[in-house]
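First the structure, in the form of structure tokens, and then the observations on it.
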There are 2 protein chains.
Amino acid sequence: VKIGIVGGTGDIGEGMALRLSLFHTVLIGSREEEKAYASSEECIGILTERGVECALQGVDNQEAVDASEIVILAIPYKHLVGTLQSLSGFENKIVISPVNPIERSDHFYHAPPPEGSAALLIRKMLPESAKICAAFNNIAANRWRALDDPLNYSVAVCGDDTAAKRTVMDLASEVINLKPFDAGPLAAASMVEGITPVLLNVAKFNKMRDVGIQFI
Amino acid sequence: VKIGIVGGTGDIGEGMALRLSLFHTVLIGSREEEKAYASSEECIGILTERGVECALQGVDNQEAVDASEIVILAIPYKHLVGTLQSLSGFENKIVISPVNPIERSDHFYHAPPPEGSAALLIRKMLPESAKICAAFNNIAANRWRALDDPLNYSVAVCGDDTAAKRTVMDLASEVINLKPFDAGPLAAASMVEGITPVLLNVAKFNKMRDVGIQFI
């Protein structure tokens, strides 16, 4: 399938592009097409150097949506509303949200919008026919990029469309060692988003880096 | 140290008593002293049969508080306020909350009180000098009781008193294979409580049992 990554030039987006382009055609999207192009060239360079074949292309965010069956919203929460307002064409697409609304005081905390979660805010903003799944919320950007290391994590996937959720879980299990779990309807995504600040706090208060989770 | 378990005859309380009495003197508390006595006799029976020495005693909840340096509130969220209103003497004690405010619709979800978490509600109800830590929130009752299996989990510990938090973390690391992590101040406990409904959802939607977590 074709996977479009809106915000694909950010840390998480680029890391996901590197991993996913080994299995699928990935369109790295950006507000500025030249940035997307530069980013895709860099990714292709990294992967070619390893002798790996990949299918990657830099496009603007709108084309990343238009040309793909699966769209990943790899954007920081603070840019979520503005980015979605600037885009259209999400009808019938599978839309993956790894977005976490997080703020920071002396610790990290979950600061969801009135809808209850970034996932439900996206649900409200996109057309009914878009199949929204929350997934990959709890994986640090650096881990995506560390291609020599397996992503030895569990992935909680929430969504209301069973077939779309299955597709996203299959996508996750393709990525080396990621173990997907159905974590319920989209309404349950709030608590999955809330795991990320716990991981950030565990990292901060125990002098660790890029902490992830496994369900066991 | 002496550890009092308020609600020690419940599933989680009894399981914790079994594990902790191998290392410490444990007072199993209950509203009815006879129930606590019966429960402690059962625990002593289980442990003696294994040839393990243990220090266990059944008392009423108030004595479990009065006679202990560390008090574990092993009570269901719905009984939390009533139980705390019926007890006193928490001054200067370390108080551990494994309590999770959870409700259920077609999925499990975090339903915290206006204070933000069970931990912060306890903070409000108990005297200033009580040192409250959230811990053991994400471990299923059945796992505590399965004495043949190591508790191969991570434990997020939140609290505002550094020394008390250290004591609770040491208590956790004594219990075979539990790995404690400082997860920040008590204000961060909300998100740790919120992990439990994710684990319940993962169990429910993937036909699993007693799911726990590891931070890796």
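Every chain is numbered from 1, with letters handed out A, B, ... down the list of sequences. All values below were derived from every heavy atom in this structure, side-chain atoms included, with hydrogens, water molecules and symmetry-related copies excluded.
Of the listed residues (B:Leu199, B:Asn206, B:Asp210, B:Asn201), the greatest number of heavy-atom pairs within a distance under 4.5 Å of chain A belongs to B:Asn206. Between chain A and the options B:Ala203, B:Ser154, B:Ala183, the largest number of non-hydrogen pairs under 4.5 Å is found for B:Ala183. Your options are A:Ser105, A:Ala188, A:Gly194, and the one with the most heavy-atom pairs under 4.5 Å with chain B is A:Ala188.
With contacts defined as side-chain heavy-atom distances shorter than 4.5 Å, the pair B:Met191/A:Phe108 does not qualify. Using a 4.5 Å heavy-atom cutoff, the side chains of A:Pro185 and B:Tyr109 are not in contact. Annotation: side chain of A:Asp182 is not in contact with side chain of B:Val202 (no heavy-atom distance under 4.5 Å).
Minimum heavy-atom separation, A:Ile195 to B:Ile195: CG1-CG1, 3.8 Å. The shortest non-hydrogen separation linking B:Val192 to A:Val198 is N-CG2, 4.0 Å.
Within a 6.0 Å sphere centred on NZ of A:Lys179, heavy atoms belonging to other residues, nucleotides or ligands number 12 at most. For CZ of A:Arg145, the number of neighbouring non-hydrogen atoms (other residues, nucleotides, ligands) closer than 6.0 Å is greater than 12. Within 6.0 Å of the CD atom in A:Glu91, the count of heavy atoms belonging to other residues, nucleotides or ligands exceeds 12. Under a cut-off of 6.0 angstrom, the local environment of CZ in A:Arg19 is crowded, with over 12 non-hydrogen atoms contributed by other residues, nucleotides or ligands.
Separation of atoms CD1 (A:Ile216) and CD1 (B:Ile213) is listed at 9.0 Å; rounding is to 0.5 Å. B:Lys165 NZ to A:Phe205 CZ: the interatomic distance, rounded to the nearest 0.5 Å, is 6.0 Å.
Both the backbone and the side chain of A:Ala187 come within contact range of chain B, judged by heavy atoms closer than 4.5 Å.
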For a side-chain contact (heavy atoms from CB on, under 4.5 Å) check, start with the C-alpha distance between A:Met208 and B:Phe181, then their side-chain angles and the critical distance, and finish with the verdict.
CA-CA 10 Å; A:Met208 296 165 66; B:Phe181 293 86; 3.5 Å; yes
